[in-house]
Amino acid sequence: MKPYQQIQITECGEPLVEIPLEKFAVESPHPYQLLGAPYQGRSPYHLRQGVLNRLLQAQTYLQQSHPQWRIQIFDAYRPIAVQRFMVDYAFSQVLQAEGLTVEQLSPDRQQALWQQVYQIWAIPSTDPKTPPPHSTGAAVDITLVDAAGMTVNMGSPIDEMSARSQPDYFANSADPVEQEYHERRQLLQDIMLKAEFTRHPGEWWHFSFGDQMWAWLSDRPVAQYGGIV
Ligand SMILES: C[C@@H](N)C(=O)N[C@H](C)C(=O)O
Ligand SMILES: [Zn+2]
């Protein structure tokens, strides 16, 4: 169990609402739908009302210093079945990168590879006390798009299972290009923190408001959003 999963949840009952996609940039086609993830008629473009309000606020903050830049939504609401699908997909990617099949792995090696997956992916838990963050409608994976409509290079792609996903990976680099990656990650963090989100300590793109991870990272005893099945 991860430490944030011990946080108590008092569900506030706020609805999951549709994200007005015309107000943001959007990664299209949706990356997990493209992989065949089982959405079963549901859309990833939903968030809790209070989370959506804050995301719009974050974009307003962005545009105060960077007019015409926009937040680009990579992923938002994720049904648990999709979380399970993505975790299994990530495991298959790790195997492929190693040129291995599951049958070739000792139990210890298998466990080590699963740990690698769970470094960046949440457990697809069906226990209402430990919902995956995106299944609460409180978490969002995002990047930035500049005034020309180009996705801003943050130094590594979203969902990469490597050290480069750590938000401060480029912080001490002497390379000017890498310094710029760090400044852009900082800009993303600044606008989101100003809008009351917290950032995942191991992922530059993952932010949430009101879920267990947010409560844990901001030293609050209770989360207000539980899982939505
Ligand atoms: C891997 C990334 N897309 C992500 O969302 N990670 C968090 C921790 C999650 O799975 O909830
Ligand atoms: Zn995420």
Side-chain angles (χ1 to χ4, degrees), residues 1-7 9 16 19 24 26-27 29-35 37-39 43-48 51-52 54-55 58 71-94 97 113-144 151 154 156-167 169 185 188-189 192-193 195 197-218 223 225-229:
M1 185 183 269
K2 301 208 176 176
Y4 69 84
Q5 293 181 303
Q6 286 165 9
I7 296 278
I9 301 169
L16 202 55
I19 300 172
F24 297 98
V26 182
E27 168 102 9
H30 184 276
Y32 307 155
Q33 285 184 327
L34 190 62
L35 291 172
Y39 280 90
S43 157
Y45 301 118
H46 284 79
L47 286 171
R48 298 290 190 131
V51 180
L52 174 60
R54 284 172 176 82
L55 193 62
I71 289 175
Q72 174 161 279
I73 298 173
F74 180 91
D75 191 34
Y77 173 64
R78 197 182 297 157
I80 295 178
V82 174
Q83 184 76 22
R84 189 174 306 114
F85 175 94
M86 286 311 304
V87 158
D88 290 344
Y89 175 78
F91 185 71
S92 73
Q93 292 299 100
V94 173
L113 295 187
W114 275 111
Q115 258 174 20
Q116 205 176 315
V117 169
Y118 287 128
Q119 284 274 313
I120 74 157
W121 290 95
I123 297 160
S125 165
T126 52
D127 181 342
K129 291 196 189 77
T130 56
H134 282 270
S135 303
T136 68
V140 67
D141 295 336
I142 53 171
T143 186
L144 298 174
T151 304
M154 296 285 192
S156 68
I158 291 177
D159 284 356
E160 182 173 274
M161 281 182 280
S162 88
R164 294 196 305 179
S165 295
Q166 284 163 24
Y169 182 77
R185 290 179 180 198
L188 182 61
Q189 152 156 282
M192 292 301 279
L193 264 56
F197 286 87
T198 58
R199 180 172 68 179
H200 189 295
E203 299 173 16
W204 60 258
W205 61 84
H206 177 108
F207 295 86
S208 66
F209 171 84
D211 64 351
Q212 285 176 304
M213 195 182 294
W214 169 87
W216 181 67
L217 289 169
S218 58
Y225 301 128
I228 295 185
V229 201

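Remember, it's 1-based here, ligands and their atoms both numbered in the order they're listed.
Remark: the backbone N or O of I228 is paired with a side-chain donor or acceptor of Y77 at under 3.5 angstrom. Of the possible polar contacts, none joining the Q116 side chain to the M161 backbone as a donor-acceptor pair under 3.5 Å is found. A donor-acceptor pair is defined here as one N or O able to donate and one able to accept, closer than 3.5 Å; such a pair exists between the side chain of Q212 and the backbone of Q5. With hydrogens and angles ignored, the 3.5 Å screen pairs no side-chain donor or acceptor of T136 with any backbone N or O of D211.
To the nearest 0.5 Å, atoms CG (L217) and CD1 (I7) are separated by 9.0 Å.
Inter-residue side-chain proximity for Y225 and S208 is flagged as unmet; no heavy-atom pair is nearer than 4.5 Å.
Residues with a heavy atom under 4.0 Å from ligand 1: Y32, R78, Q83, I120, W121, A122, P133, H134, D141, D159, H200, E203, W205, H206.
For the Zn ion (ligand 2), the nearest N, O or S atom contributed by D141 is named OD1. For H206, the N, O or S atom closest to the Zn ion (ligand 2) goes by the atom name ND1.
In summary, E203 places no N/O/S atom under 2.8 Å from the Zn ion (ligand 2), failing the contact criterion. Among the atoms of H134, an N, O or S atom is found under 2.8 Å from the Zn ion (ligand 2).
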Subject >> Stepwise side chain to side chain contact (heavy atoms under 4.5 Å, CB included) check, H206 with I142 >> reply: CA-CA 7 Å; H206 177 108; I142 53 171; over 6 Å; no
**OP:** Decide yes or no on ring pair (Phe, Tyr, Trp, His ring centres under 6.0 Å) for F91 and Y118, but give the supporting numbers first.
**Re:** CA-CA 9 Å; F91 185 71; Y118 287 128; 9.2 Å; no
